[in-house]
Amino acid sequence: MKGNLILSVIVIIFSLFFLYHSVNLPSSSTAIPGPGAWPTMLLIMMVILGLSLLVSTIRTARKGEVVSKEIQAEAGDEAAEEDFVPKVVFPYRYLVLLGIAVIYLFLVSGIGFLLATPLMLAGAAFLLGMRKVWSLVTTSVMGSAAVIVIFIVILNIPLPRGLGVFRELSYLIY
């Protein structure tokens, strides 16, 4: 509860600070968005999500105070003081995810965005618990396609194409 409150305030402050600076980036004179469009859109979403987390945390805290007082009155202080300790199945999963991201950074320059990104998304989804092959393939392909559409088609920002045959393959797709 307290962590969500702190996180939401940090996200809001961070987003507003960088939103102020992203608005000052040059805009485009054509129909294509300028360099400040993408950061501005992301930062506006971050402010909205930070505010929603803040509001939901405050609402939950207010409801929790009322519920905890009722529980203490009914069950006594001993039942209210019991702590729930969750079982951690794989405590170093975040380090493996970080390793996947580092491997992705090296792969994207060699084999290009087109092949490296679906592999990275599938690996991360598998690590986080997705086990169905069809879901892994669909998620990784659709996620990569969404990024290609956003960056190449809408924002006109090139993505790494890779080297050799991978470069030629990427020219066939985008």
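One is the number of the first residue; the rest follow in order along the sequence.
Note: the hydrophobic cluster containing Ile157 also contains Leu42 (ILVMFWY, side chain heavy atoms under 4.5 Å, direct or indirect links). Ile173 and Ile150 fall within the same hydrophobic cluster, defined by Ile, Leu, Val, Met, Phe, Trp and Tyr side-chain heavy atoms under 4.5 Å apart, directly or through other members. Met41 and Leu159 fall within the same hydrophobic cluster, defined by Ile, Leu, Val, Met, Phe, Trp and Tyr side-chain heavy atoms under 4.5 Å apart, directly or through other members. Both Ile103 and Leu115 sit in one connected hydrophobic cluster of ILVMFWY residues. Membership requires side-chain heavy atoms under 4.5 Å apart, directly or through other members. The hydrophobic cluster containing Ile6 does not contain Ile58, counting ILVMFWY residues as joined when their side-chain heavy atoms lie under 4.5 angstrom apart, directly or transitively.
Summarising the geometry of Ile100 relative to Met120, their closest heavy-atom pair is CG2-CG, 3.8 Å, with the distance given to 0.1 Å. Between Ser22 and Thr40, the closest heavy-atom pair is OG-OG1, 3.2 Å. Closest approach of Ser109 to Leu163, counting heavy atoms only: O-CG, 3.7 Å. Across all their heavy atoms, Leu53 and Asn4 have their closest contact at CD2-O, 3.8 Å. When all heavy atoms are compared, the tightest approach of Ser52 to Leu49 is OG-O, 2.8 Å. Val11 approaches Gly50 most closely through the heavy-atom pair CG1-CA, 4.2 Å.
Leu119 contributes atom CG, which lies 10.0 Å from atom CG of Leu114 (distance to the nearest 0.5 angstrom). How far CG of Leu107 is from OH of Tyr104: 9.5 Å, rounded to the nearest 0.5 Å. From Phe113, atom CZ reaches atom CD1 of Ile152 across 7.5 Å, with rounding to the nearest 0.5 Å.
No more than 12 heavy atoms of other residues, nucleotides or ligands shown are found within 6.0 angstrom of CZ on Arg59. Annotation: Met142, atom CE; neighbour count of heavy atoms from other residues, nucleotides and ligands within 6.0 Å does not exceed 12.
Residues Thr57 and Lys2 are not in side-chain contact: their nearest non-hydrogen atoms beyond the backbone lie 4.5 Å or more apart. Side-chain contact between Ser144 and Pro118 is present, with heavy atoms from C-beta onward closer than 4.5 Å. With contacts defined as side-chain heavy-atom distances shorter than 4.5 Å, the pair Val147/Thr117 does not qualify. A heavy-atom distance below 4.5 Å is found between the side chains of Phe106 and Val102. Looking only at side-chain heavy atoms (C-beta outward), Ile13 and Val9 come within less than 4.5 Å of each other. Looking at Met46 and Phe14, their side chains come closer than 4.5 Å, going by heavy atoms from C-beta outward. Within the 4.5 Å cutoff, no side-chain heavy atoms of Tyr174 are placed close to those of Phe151. Side-chain contact check for Ile148 versus Val153: every heavy-atom pair is 4.5 Å or farther apart.
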(request) Check the pair Leu121 / Thr139 against side chain to side chain contact (heavy atoms under 4.5 Å, CB included), numbers first and verdict last. (result) CA-CA 8 Å; Leu121 290 176; Thr139 302; 5.8 Å; no

(request) Kindly indicate, with the supporting measurements, whether the criterion side chain to side chain contact (heavy atoms under 4.5 Å, CB included) is fulfilled by Val47 and Leu51. (result) CA-CA 6 Å; Val47 168; Leu51 288 171; 4.0 Å; yes

(request) Go through the steps for Phe126 and Leu136 under the test side chain to side chain contact (heavy atoms under 4.5 Å, CB included), then give the verdict. (result) CA-CA 7 Å; Phe126 183 80; Leu136 285 169; 4.0 Å; yes

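Using cut-offs of 30° and 60° on the angle between ring planes, the pair Phe17 and His21 is perpendicular.
Of the possible polar contacts, none joining the Ser15 side chain to the Ile12 backbone as a donor-acceptor pair under 3.5 Å is found. Panel note: side chain Ser170, backbone Arg167; a donor-acceptor pair is recorded below 3.5 Å.
Taking the ring centre of Tyr171 as origin, the terminal cationic atom of Arg161 falls inside the region bounded by 6.0 Å and 45° from the ring axis.
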